[in-house]
Amino acid sequence: MYHDKTLAELSAMLEAGEVTSVELTQAFLDRIKQYDPQINSFVTVSDELALKQAADADAQRKAGKATPLTGIPIAHKDIFCTLDVKTSCGSKMLDNFISPYDATVVEKMKQAGVVMLGKTNMDEFAMGSSNETSFYGPVKNPWNTDAVPGGSSGGSAASVAARLAPASTGTDTGGSIRQPASLCGISGLKPTYGRISRYGMIAFASSLDQAGPMAQTAEDCALLLNAMAGFDPKDSTSIEKAVPDYTASLNQDLNGLKIGLPKEYFGEGLDAGVAEIINTAIEQYRSMGAEIIDISLPNSNLAVPVYYVVAPAECSSNLSRFDGVRFGYRCEDPKDLEDLYKRSRGEGFGEEVKRRIMVGTYALSAGYYDAYYIKAQKLRRMISDDFTQAFKQVDVIMGPTAPSTAFNIGEKADDPVSMYLSDIYTIATNLAGLPGMSIPAGFSNNMPVGLQIIGNAFDESRILNVAHQYQQKTDWHKQIPAAFK
Ligand code: GLN
């Protein structure tokens, strides 16, 4: 039995010679084969490649060249370009796309000796909060297969929750690591914008997109972040700043930690069961020596509307490269160039992606640019300033990750605005470029609830420390859904 172990435990077992990477990788591939048909969390399982990488990792270890991640199998969100393995981004548009290079995140993982089990299902081009917009069909929540896993990194979250992979990578533009982590009962960290290279990560909204780790525990996220973070000359928005050892401060005690609770994150719209669990978690922190301080982020109500101008605007520009000529899907028998463009895009993109492209193109058009895009950028600055003020007073900000537990598949599919509100507590941190994390904090009606921890820029070490200390006192992160034990 390996699947119930954390990444840190598996790393120790590899180091002690209690298991080889080939055995471990085979065990997870077997679980994927047995259980994934129930949840649809993988688009591609790269078993042959995985076993080859595992054998290489075992050889590296024998040669005395192991890192803590050498031989650990993980899954990559299908938004990261992978050499020789299809990268679909959840879209028909890229159903036939094989990248000629690896994303920097994938490359760094390879260098650390990590084995890739496969690519995980996701909302099309990372647009969604439920995984229902994927060309490959919805992912199901391992805690209740009638429910969504959250999105857009729903396949990554569900695969870890069902213990089909010890960890996975995700991306978060408005909540896509934290919200599915919350709905599936796992730990997920969205780092500061610029901390991890975006090179080879298919762009949705370039000023918001950020990659991050998803795993059972904060400690596992720290181990993964050590390998993922760092400056990359190939990404002009990546930051030239030394990468600390994120595991080094996990054990600091929390005496005197100042936790801010924004009143805007506990008001109308928050499910009562979720609120109760978050309050219990806050009390746990108080008993660990933290000081709880009421704060306000007064422009919180602007985050969703601002995001739904900025993100579609950037996506309309980023997705113009999918034209039927250079990448991916091309329509049959085009009459002329215009027909080729129109039908390739019309047939290759799904409904939500088209909605975003239209909204974004409208917001950027002459005559509306000042009224929408420039206005949104100004408000974005005000939202960011709210956090700057708050962090003069507190060390971290806490609240719910999502307003409710997982909803049912189909429940919000025809109501985009209600779907967009799933990210009401996560979006502002992306607009401000700040790091945020979701960790399991309990269950409401048998479904997981995530606690969100938001930090100041480049304060990932503190967030991980705060999360790890909670996980030393609670066992929510150890719960495995009954059907996947
Ligand atoms: N749910 C949000 C959206 O649909 C955020 C997605 C994300 O973070 N990639 O845009």
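Counting starts at 1 for both ligands and their atoms, in listed order.
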### Message
Taking the basic N atoms (NZ, or NE/NH1/NH2) and the acidic carboxylate oxygens, is any pair closer than 4.0 Å for Asp95 and Lys86?
### Response
yes

### Task
Describe, in one word, how the ring planes of Phe322 and Phe125 are oriented to each other, choosing from parallel (under 30°), tilted (30 to 60°) and perpendicular (over 60°).
tilted

### Task
State the atoms of ligand 1, each with its element, that fall below the 4.0 Å cut-off from a heavy-atom position in Ala126.
6 (C), 7 (C), 9 (N)

### Query
Measuring from the heavy atoms of Tyr308, does anything fall under 4.0 Å of ligand 1?
yes

### Cation over ring face, Lys354 and Phe349, 6.0 Å, 45°
no

### Task
Please determine if Met127 has a nitrogen or oxygen closer than 3.5 Å to a nitrogen or oxygen of ligand 1.
no

### Query
Does Gly128 come within less than 4.0 Å of ligand 1, judged by its heavy atoms?
yes

### Task
Quick one: look up the protein heavy atom nearest atom 5 (C) of ligand 1 and list residue, atom name and how far away it is.
Tyr307 OH, 3.3 Å

### Task
Could you tell me whether Glu107 and Lys110 have a side-chain N and a carboxylate O separated by less than 4.0 Å?
no

### Heavy atom of the protein closest to atom 1 (N) of ligand 1 (residue, atom name, distance)
Asp423 OD2, 2.5 Å

### Task
Please name the residue in the list Ser168, Ser153, Ser159, Ser156 that meets the side chain to side chain donor-acceptor pair (under 3.5 Å) test with Thr120.
Ser156

## Note on the structure
Heavy-atom proximity to atom 4 (O) of ligand 1 ranks first, among Glu352, Arg356, Gln179, for Arg356

### Task
Just say parallel, tilted or perpendicular for the rings of Phe484 and Tyr35, cut-offs at 30° and 60°.
tilted

### Protein contact of atom 7 (C) of ligand 1 - nearest heavy atom, named by residue and atom, plus distance
Ser176 OG, 2.4 Å

#### Entry: Passing option when Leu94 is tested against Ile79, Ile202, Thr87, Asp78 for side-chain contact (heavy atoms from CB on, under 4.5 Å)
Ile202

### Query
Can you list the atoms of ligand 1 that are under 4.0 Å from a heavy atom of Ser152?
9 (N)

### Message
Is there a polar contact, in the sense of an N or O pair closer than 3.5 Å, between Phe204 and ligand 1?
### Response
no

